[in-house]
There are 2 protein chains.
Amino acid sequence: MEARVAEQAERPTSKRRAALTRESILEAALRLCSPEGGGQLTFSRLGKELGADPTAVYRHFRDKDDLVLALTELTVAEGVELARAALPDGPSDDWRAWLTVTAESIRASYLARPVVAILAAARTTASPAETRSVELLISVLHRAGLPVIEAAECYRQLVDLTLAMTQYTAAFSSLDPATQAKDEAAWAVKYGMLPEAEFPLLHRSAPRLTELFRDDGEVFRMILGTFLDGVALRIDRARDGSAGAGRSA
Amino acid sequence: MEARVAEQAERPTSKRRAALTRESILEAALRLCSPEGGGQLTFSRLGKELGADPTAVYRHFRDKDDLVLALTELTVAEGVELARAALPDGPSDDWRAWLTVTAESIRASYLARPVVAILAAARTTASPAETRSVELLISVLHRAGLPVIEAAECYRQLVDLTLAMTQYTAAFSSLDPATQAKDEAAWAVKYGMLPEAEFPLLHRSAPRLTELFRDDGEVFRMILGTFLDGVALRIDRARDGSAGAGRSA
DNA sequence: ACCTGAACACCGTTCAAGT
DNA sequence: ACCTGAACACCGTTCAAGT
């Protein structure tokens with residue numbers, strides 16, 4: 001027993017590979033998923049990063065989906081943590097700030113590893129971090145004035161909107177630069193050169209649209225703003241009394 | 001000359017393969033992309049569908065991205081056509097109906113071939129059908145009361161929101177059934193069994209959330225409704241006069 | 001109990017050879 | 001001018017063999 005321990009500690013400087021564990025594999029995978037790590041997640045690259053045979057990962061994860069789901073849990077947990085750090089303790093009454101910070105935090109943690117966004121934005125892990133965060137979001141909307149079920153529907157809208165936009169952005173920015181350039185050219189050139197006679201409004205707004213092409217974050221922030229204006233309207237409606245169930249103005 | 005024409009028409013019933021053209025390839029590709037066609041687009045399947053060698057397609061499209069972009073143009077054109085058919089002639093003054101129908105139509109044409117949504121929802125082709133539709137959308141918002149640039153920003157928000165949600169839905173529904181079942185279980189089981197003491201609101205709204213999991217269309221319609229409420233607020237603000245540039249309430 | 005490495009069925013793409 | 005078919009560099013995954 002003692003001899004084996006000693007043997008293990010014997011060559012601390014030699015390049016013996018770290019024992020493969022779920023945690024060490026997830027760490028390596030997160031490194032690969034980040035833009036600095038190349039942003040691509042394959043068994044081959046993962047094996048190289050771990051100094052092990054690519055198929056060794058199968059001893060710790062059933063398949064790639066299993067691995068991706070575990071990465072999603074970590075990503076969601078990080079997003080929730082980011083949001084909590086940016087918010088005052090406990091759910092304040094500023095529901096708008098609360099929802100904005102939560103949405104931006106989730107988006108940021110996914111965009112730090114775009115592959116995860118592409119492969120699993122629409123997946124549900126039902127991890128503790130996730131369920132606690134959902135309960136909190138619903139409570140913020142409920143305390144703002146929405147009935148419970150409507151608050152839950154509203155939470156769902158916000159999260160799906162955020163995840164969908166995040167996946168959309170991640171998918172585009174993961175295309176190779178030459179392909180992205182094709183699209184940028186479509187905006188900058190084709191939309192910029194539309195004849196004023198036939199396209200009077202597009203002619204005037206093309207510069208702004210090209211600007212927006214170059215900054216997805218701006219479009220997301222605008223959508224979030226408009227969406228939350230709609231939520232505000234529903235909250236006002238719910239507070240004004242139980243009557244008047246009409247939808248649109 | 002005449003002899004060759006006669007020769008070509010000679011065996012109309014024999015199984016001579018149709019000449020490979022850009023159009024015939026696109027038709028075959030659209031067939032494969034539809035759910036009934038299997039929903040997967042690969043050169044191998046495409047070659048089989050065309051009765052030709054898989055690599056023959058490379059004589060008509062530079063690479064897969066070129067093919068996908070052409071399919072995207074057709075999809076957008078179909079969406080625009082769908083919207084026009086559902087709307088009265090010319091842009092009416094009911095901006096809300098206009099935007100709703102346009103968003104639903106684009107969504108429907110992409111979901112008829114989910115692979116295209118997954119691979120190219122975020123791409124810009126700047127095709128004539130696209131540019132004409134954009135000009136119309138901006139004009140509807142402008143006539144509703146928004147300044148041109150704000151109308152353009154609003155168009156962009158609506159389209160990105162719609163395309164992102166469509167890609168999100170398409171990506172999830174293209175997962176194999178076993179994988180989708182994992183997520184459904186997360187909602188129906190884990191969320192349904194949360195202890196009431198710790199999760200009072202989730203406990204009450206879990207049934208509704210599970211319902212929403214099963215119908216993405218419903219979530220999209222709700223998001224669209226909330227978003228358009230926000231747009232209505234901005235239109236009111238713009239109409240009330242040029243003062244009061246504040247964003248949120 | 002865990003890891004290795006060959007093997008398999010797929011991808012998109014290239015290129016020399018056919019007609 | 002267009003199509004064929006072998007070939008290449010990748011994917012995820014399986015499985016018998018090692019230790």
Side-chain angles (χ1 to χ4, degrees), chain A residues 1 4 7-8 11 14-26 28-29 32-33 38-71 115-116 118-120 123 171 174-179 182, chain B residues 4 7-8 11 14-26 28-29 32-33 37-71 115-116 118-120 123 171 174-179 182:
Chain A
M1 200 56 150
R4 281 168 68 190
E7 206 172 29
Q8 277 188 329
R11 308 166 179 269
S14 87
K15 69 168 194 169
R16 60 134 191 241
R17 53 179 68 104
L20 239 44
T21 64
R22 242 180 171 261
E23 286 67 35
S24 69
I25 292 172
L26 288 174
L32 294 181
C33 290
Q40 287 176 343
L41 183 66
T42 70
F43 282 89
S44 165
R45 281 167 50 82
L46 193 47
K48 209 163 289 172
E49 180 77 14
L50 290 162
D53 189 273
T55 65
V57 176
Y58 280 93
R59 246 52 58 191
H60 299 88
F61 294 91
R62 200 157 44 75
D63 52 20
K64 191 173 181 180
D65 189 62
D66 194 22
L67 174 63
V68 166
L69 240 37
L71 292 172
V115 211
V116 179
I118 294 172
L119 295 176
R123 307 298 293 281
S174 290
L175 297 171
D176 66 306
T179 306
K182 263 197 255 182
Chain B
R4 283 169 67 190
E7 207 172 28
Q8 276 190 330
R11 305 164 181 273
S14 87
K15 70 166 194 170
R16 56 133 194 239
R17 53 179 68 104
L20 238 47
T21 63
R22 239 178 174 263
E23 286 69 36
S24 69
I25 293 173
L26 288 174
L32 295 181
C33 290
Q40 286 176 341
L41 183 66
T42 70
F43 282 89
S44 165
R45 281 167 50 82
L46 193 47
K48 209 164 286 172
E49 180 76 13
L50 289 164
D53 189 272
T55 65
V57 176
Y58 280 92
R59 245 54 58 190
H60 299 87
F61 294 91
R62 199 156 43 76
D63 52 21
K64 191 173 184 183
D65 189 61
D66 193 20
L67 175 63
V68 167
L69 239 37
L71 292 172
V115 212
V116 179
I118 294 172
L119 294 177
R123 308 298 293 281
S174 290
L175 297 171
D176 67 305
T179 306
K182 262 196 256 180

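Below, chains carry the letters A, B, ... as their sequence lines are ordered, and counting in each starts from 1. Fair warning: this is a prediction, and the values are worked out from it, not measured in the lab.
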Need the pair for dA6(D). Rule: Watson-Crick or G-U wobble, both distances under 3.5 Å, any strand; none if unpaired.
dT14(C)
Please give, in whole Å, the distance from [N] [atom2] to [X] [atom1]?
{"X": "Leu20(A)", "N": "dC2(C)", "atom1": "CG", "atom2": "P", "answer": "10 Å"}
{"X": "Leu41(B)", "N": "dT13(C)", "atom1": "CG", "atom2": "P", "answer": "11 Å"}
{"X": "Asp53(A)", "N": "dA16(D)", "atom1": "CG", "atom2": "C1'", "answer": "14 Å"}
{"X": "Arg45(A)", "N": "dG12(D)", "atom1": "CZ", "atom2": "P", "answer": "11 Å"}
{"X": "Gln40(A)", "N": "dG12(D)", "atom1": "CD", "atom2": "C1'", "answer": "15 Å"}
{"X": "Lys48(A)", "N": "dT4(C)", "atom1": "NZ", "atom2": "C1'", "answer": "16 Å"}
{"X": "Arg22(A)", "N": "dC2(C)", "atom1": "CZ", "atom2": "C1'", "answer": "16 Å"}
{"X": "Asp66(B)", "N": "dT13(C)", "atom1": "CG", "atom2": "C1'", "answer": "14 Å"}

Look at all strands and tell whether Leu67(B) reaches a base, only sugar-phosphate, or nothing, counting heavy atoms closer than 4.0 Å.
nothing
So Leu46(A), base contact, sugar-phosphate only, or nothing? Heavy-atom distance under 4.0 Å.
nothing
Of the options [options], whose atoms approach the side-chain atoms of [X] most closely?
{"X": "Arg59(A)", "options": "dC2(C), dC11(D), dC2(D)", "result": "dC2(C)"}
{"X": "Tyr58(A)", "options": "dC3(C), dT13(C), dG12(D)", "result": "dG12(D)"}
{"X": "Lys64(A)", "options": "dG12(C), dC3(D), dG12(D)", "result": "dG12(D)"}
{"X": "Thr42(B)", "options": "dG5(C), dC11(D), dC11(C)", "result": "dC11(C)"}
{"X": "Thr55(B)", "options": "dC3(C), dC3(D), dT4(D)", "result": "dT4(D)"}
{"X": "Asp63(A)", "options": "dT4(C), dC11(C), dT13(D)", "result": "dT13(D)"}
{"X": "Phe43(A)", "options": "dT4(D), dC11(D), dT13(D)", "result": "dT13(D)"}

Taking the side chain as every heavy atom from C-beta outward, state whether [X] and [Y] have any pair of such atoms under 4.5 Å apart.
{"X": "His60(B)", "Y": "Leu20(B)", "value": "yes"}
{"X": "Cys33(A)", "Y": "Leu71(A)", "value": "yes"}
{"X": "Phe43(A)", "Y": "Val57(A)", "value": "yes"}
{"X": "Leu67(A)", "Y": "Tyr58(A)", "value": "no"}

CG of Asp65(A) to NZ of Lys182(B): how many Å apart, nearest 0.5 Å?
3.5 Å
